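Structure, as C-alpha cells:
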Amino acid sequence: MATMLTDEPKAVAEQAARQTVLSILLALSFTHFLNDMLQSLIPAMYPVLKDSLKLNFTQVGLITLTFQMSASILQPLVGLYTDKKPKAFSLAIGMGFSLIGLVSLSFAHTFPMLLVSVTLVGMGSAIFHPEASRLAHMASGGKHGMAQSLFQVGGNAGSSLGPLLAAMVIVPFGQFNVIWFSVAALLAIIVMINIGKWYQGNTHRIKPKKVAEVTGPAFSTGKVVFSLFILLVLIFSKYFYMASMTSYYTFYLIDKFHVSVQSAQVYLFIFLFAVAAGTFIGGPVGDRIGRKYVIWISILGVAPFSLLLPHANLFWTAVLSVFIGVILSSAFSAILVYAQELVPGKVGMIAGLFFGLAFGMAGVGSALLGKLADATSINYVYEVCAYLPLIGILTGLLPNVEKAGFTQRGEVSKEA
C-alpha cells in the first residue's frame with residue numbers, strides 16, 4: 001500500500017510530462033515573436049544610424065558584436081543557473097532589460113550610447129532564450145522537435161517583421177520613433193507574467209527528469225564532446241553566413257543594385273520571412289527522419305544557392321535569398337534538440353550554450369565582415385561567405401542519436 005502511495009505522484013508527474021500544452025507553446029512563440037521583432041530593429045536601423053552618426057562598416061559591425069556578445073556570454077550562465085534554480089518570472093525580467101534598452105536607443109545620439117543601449121537589449125535576450133527554451137521543452141509532451149520549431153518560428157517571424165516596421169516607422173520618421181515599440185515590450189511582459197504563473201504551478205513537469213533513464217548503447221564522453229564540437233562548427237558556418245545577410249544585405253542591395261533604403265528593407269523582410277517559414281520545418285521533420293539528416297541538408301544544401309548569389313541580378317538575388325533562408329533556417333531547431341539528446345538533463349545549459357554561441361558567432365561574424373567590407377568591398381564579402389555552407393559536409397561525422405537508443409528524460413522508452 002505504501003509503495004502504491006509513493007509511486008502515484010511519480011506516475012502523475014510522468015503522465016503530465018507526456019502531455020503537450022499547446023497554449024503555453026503558442027504563448028512562448030508569441031513572446032519570442034515580440035522579443036526578436038524588437039531585437040531585429042537594431043540591424044534594421046543600421047542605414048539610418050550609419051548616415052546620421054557617420055559610421056563606417058567596422059563601427060556597424062561593432063554594434064552587432066556588442067549586442068550579440070552581451071547576449072551570448074550570459075546565456076550559458078543563465079541556462080546553467082536556472083537548470084539548478086528555475087525562476088518562474090525570469091522571462092518578464094529579461095524583457096524589462098530590453099524595454100530599458102529600447103527607450104535608451106531612441107535617445108542615443110553618440111556611438112558609446114548606442115553600444116550601451118544594444119547591450120541592455122542583448123542582456124534581455126540572454127535571460128529570455130534559455131528559460132523560454134526550457135519552458136518549451138516542459139510543455140512539449142515529448143514532442144521536442146515540434147515544440148522547439150514552434151518556439152523558433154515565432155522568433156524568426158518577429159525577426160522578419162522588424163525590418164518592415166523599421167522601413168515604415170523609423171526610416172521615414174527618424175530614430176526617436178523606436179520608442180513606440182516599447183508598447184510591444186510591455187505587452188510581452190504581461191504575457192510572460194502569465195506564463196510564469198503556469199510555470200510556478202507546473203514544476204512537477206521537471207521532476208521526471210530526475211528519474212530519467214538512457215536506454216540502449218550510450219556514447220562515450222569523448223564521442224559526446226567530439227559531436228558537440230562538430231555542432232559548434234556547424235553553428236559557426238550557419239551564423240557567419242546569417243550575419244552577412246542580416247547585417248549587410250541591405251547595404252549589398254543598395255551598393256550593387258542602387259535600390260532605396262526602404263526597398264532594401266523590403267528585400268531583407270523577404271529573406272527573413274523565408275527564414276521564419278523554414279524554421280518550422282527542421283523540428284518536426286527531424287522528429288520523423290532523424291535530426292542528423294535535417295542538419296546535413298539544411299547547411300550543406302544551401303551551398304549551391306550561396307555560390308550563385310554574388311553573380312545574380314536583383315530578381316534572382318531575391319529568389320536565391322528565399323531558398324537560402326528556408327533551407328538554412330531549418331538547422332537550428334534540429335541542432336539544439338540533437339545536442340539536448342546528447343546531454344540529457346541539461347536542457348537549460350545546452351539551450352543557453354547554443355543560443356549564446358549563435359548570438360556570439362553572429363556578432364563576431366558581423367564585426368569581421370564589416371572590417372572586410374571596409375578593406376575591400378561589400379560585394380567581396382558575399383563572394384567569400386558563399387563558401388561557408390560547404391562546412392556542412394562535417395555533419396557526416398555525427399553519430400545517429402536515434403539509432404543509439406537515447407530517450408529524453410521524462411519520456412517512457414518504447415522498449416520499457
Side-chain angles (χ1 to χ4, degrees), residues 36-68 101-102 104-119 121-122 158-181 241-275 309-310 314 317-318 321 325 362-363 365-382 385:
D36 285 23
M37 179 192 74
L38 297 176
Q39 290 179 25
S40 69
L41 292 174
I42 294 173
M45 292 174 63
Y46 286 168
V48 174
L49 297 173
K50 189 174 186 294
D51 288 340
S52 63
L53 299 181
K54 310 300 180 187
L55 305 178
N56 56 34
F57 283 119
T58 301
Q59 288 174 307
V60 170
L62 285 174
I63 296 173
T64 302
L65 177 62
T66 302
F67 165 59
Q68 304 286 26
L102 279 176
S104 175
L105 184 60
S106 67
F107 291 98
H109 296 297
T110 64
F111 185 64
M113 193 171 178
L114 275 178
L115 297 183
V116 171
S117 301
V118 300
T119 296
V121 178
S159 295
S160 70
L161 189 60
L164 200 61
L165 293 174
M168 293 188 296
V169 178
I170 299 172
V171 173
F173 301 112
Q175 176 185 342
F176 176 75
N177 287 275
V178 75
I179 199 168
W180 293 109
F181 292 97
Y241 192 85
M242 286 293 287
S244 74
M245 296 297 286
T246 55
S247 293
Y248 300 110
Y249 189 47
T250 52
F251 296 114
Y252 173 73
L253 296 173
I254 292 168
D255 180 74
K256 186 172 182 178
F257 302 112
H258 310 293
V259 300
S260 67
V261 172
Q262 287 175 302
S263 295
Q265 296 284 19
V266 173
Y267 282 105
L268 179 59
F269 163 75
I270 292 171
F271 166 73
L272 292 175
F273 186 81
V275 169
L309 186 71
L314 180 60
T317 294
S321 73
S366 184
L368 292 178
L369 294 176
K371 188 72 174 176
L372 180 64
D374 280 333
T376 56
S377 69
I378 196 69
N379 289 336
Y380 185 70
V381 167
Y382 283 85
C385 289

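Everything numeric here is computed off the predicted structure, so don't read it as measured data.
For the atom pair S321 OG and Y249 OH, the distance stands at 3.5 Å (nearest 0.5 Å). The CD atom of Q265 sits 10.0 Å away from atom CG of L253, with the distance rounded to the nearest 0.5 Å.
Contact annotation: the side chain of F57 never approaches that of L369 to less than 4.5 Å [non-hydrogen atoms, C-beta and beyond]. Looking at heavy atoms from C-beta onward, T119 lies out of side-chain contact with V116 at the 4.5 angstrom threshold. In this structure the side chain of L55 reaches within 4.5 angstrom of the side chain of I63, judged on heavy atoms. The shortest side-chain heavy-atom distance between K50 and F251 falls under the 4.5 Å cut-off. In this structure the side chain of L53 reaches within 4.5 angstrom of the side chain of L114, judged on heavy atoms. Counting only heavy atoms from C-beta outward, the side chains of S106 and W180 never approach each other to under 4.5 Å. Residues Y267 and T317 have side chains not in contact (no heavy-atom distance under 4.5 Å, counting atoms from C-beta outward).
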*Under the side chain to side chain donor-acceptor pair (under 3.5 Å) criterion, do Y46 and T64 qualify, and how do the steps go?*
CA-CA 10 Å; Y46 286 168; T64 302; 2.3 Å; yes
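Contact record, P163 with A44: CA-CB, 3.7 Å, taken as the closest heavy-atom pair. Among all heavy-atom pairs drawn from P43 and T246, the shortest one is CB-O, 3.8 Å.
Using modelled atom types, one finds a donor on one side chain and an acceptor on the other under 3.5 Å when comparing S104 with S117.
No more than 12 heavy atoms of other residues, nucleotides or ligands lie within 6.0 Å of OH in Y380, so this atom counts as exposed by the packing criterion.
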